[in-house]
There are 2 protein chains.
Amino acid sequence: MSDLLERLRGRGWRLTAQRRVVAEVLDGEHVHYTADEVHALAAARLPEISRATVYNTLGELVSLGEVTEVSTDGRAKRYDPNAHHAHQHLICGRCGTIRDVHPSGNPLADLPAEERFGFAVSEVEVTYRGLCPDCAAA
Amino acid sequence: MSDLLERLRGRGWRLTAQRRVVAEVLDGEHVHYTADEVHALAAARLPEISRATVYNTLGELVSLGEVTEVSTDGRAKRYDPNAHHAHQHLICGRCGTIRDVHPSGNPLADLPAEERFGFAVSEVEVTYRGLCPDCAAA
DNA sequence: TTCTTGATTTAGACATCGTCCAAAGTGAAA
DNA sequence: TTTCACTTTGGACGATGTCTAAATCAAGAA
């Protein structure tokens, strides 16, 4: 079984068939599914799982820090299970495909105090946009 | 009249009362309204303006490069008329307030070729997140 | 000025994404 | 095995945004 389920159990998660299936769907290195995709894949294994449960479970995984939400401009949010390895995203503006990338540099350090307006800045998100090879060719 | 309307007319825009009002609402330095806020403010001056027109007009302004869309995680998109001055955003995770910021550094240069996966990368968007002074105090 | 015409606006239906709720079901502690 | 708080369910609901066909209008032509 995945480390993920172990960690979740350790945090007092009640382990239901539904949660197990959602976690299994998200198990992978470069997975960026939408909630509905997760639901479809989960339903392939557990046909009666409801949309609400998928949304609930994804929300919990995000709260627990096990999964990151990626908002891609108006489209449905995508869920990235690769939350334990710092990375940023490269998104195709045409088809919405997402790749994980690892830029150098430290953008947090690039924001001087006088540009923080008293905010307690806690994170930076860097999103690269462009066209993926397939869309560029088409 | 604003430069904006001049530029738009120069590009063959038909100047209607509705478009004028939307452009006026967006006239300002650090404005980040949602489409519905723009609609409400526009309707204060031109009561019969429709939502569809506001959406159409905002979409056109974005296409023309006069206004930038800012997606703030699931909430409604916001529209930033400050498109002619490169800048990034600092967003309060609690209340959604947006500030324009100007970090140093060049994140585009921070993405090595082997991390581009054949994409034609054209832009980078850096979003700082945290709590604004009001929300931090509350 | 008036006419003409293609661009623009409108209201409201529709689509998508996500949230909420009350009722029914269930994991797991005792 | 029993119990009960935690989960799930489905369907209504809400927010945001898109689309369409018919009515309207800006602005160039006459």
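We name chains A, B, ... by the order of the sequence lines, and we start the count at 1 in each one. Computed from heavy atoms alone, side chains included, the values below leave out hydrogens, waters and symmetry copies.
The distance from atom CD1 of Ile49(B) to atom C1' of dT24(D) is 15 Å, rounded to the nearest whole Å. Counting to the nearest Å, the P atom of dA7(C) and the CZ atom of Arg11(B) are 19 Å from each other. Taking atom CD on Glu48(A) and atom P on dG10(D), their separation rounds to 8 Å, with Å as the unit. Rounded to a whole Å, the CZ atom of Arg20(A) is 20 Å from the P atom of dC6(D). In this structure, CG of Asp36(A) is placed 9 Å from C1' of dT16(C), rounded to the nearest angstrom. Distance His39(A) NE2 to dG18(C) P: 13 Å, rounded to the nearest Å. Following rounding to the nearest Å, Glu37(A) (CD) and dG18(C) (C1') show an atom-to-atom distance of 16 Å. Look at OH on Tyr79(B): it is 12 Å from P on dT16(D), rounded to the nearest Å.
Distances shorter than 4.0 Å separate some side-chain N or O of Gln18(B) from OP1 or OP2 on dT10(C). The phosphate of dT8(D) (OP1 or OP2) has a side-chain N or O of Arg19(A) nearer than 4.0 angstrom. At the phosphate of dG10(D), neither OP1 nor OP2 sits under 4.0 Å from any side-chain N or O atom of Ser50(A).
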Query raised in the report: Could you run down nucleotides 19-30 of chain C 5' to 3' and tag each one B, S or - for protein heavy-atom contact under 4.0 Å?
Result: BB----BBBS--
Name each donor-acceptor pair under 3.5 Å that joins a side chain in residues 101-114 of chain B to protein atoms two or more places apart or in another chain, with its distance.
unit_1, atom_1, unit_2, atom_2, d
His102(B), ND1, Glu115(A), OE1, 3.3
Ser104(B), OG, Asp110(A), O, 3.4
Asn106(B), OD1, Leu108(B), N, 3.2

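Between Arg116(B) and Tyr128(A), the closest side-chain pair of non-hydrogen atoms is not below 4.5 Å. For the pair His32(B) and Asp100(B), the minimum side-chain heavy-atom distance is below 4.5 Å. Annotation: side chain of Val38(B) is in contact with side chain of Leu26(B) (closest heavy-atom distance under 4.5 Å). Within the 4.5 Å cutoff, side-chain heavy atoms of Glu37(A) are placed close to those of Arg78(A).
Cys92(A) approaches Cys135(A) most closely through the heavy-atom pair SG-SG, 3.8 Å.
Residue order along DNA chain D, read from the 5' end via each residue's closest nucleotide, puts Gly12(A) first among Gly12(A) and Ala35(B).
Ring to ring, His87(B) and His89(B) are close: their centroids are under 6.0 angstrom apart.
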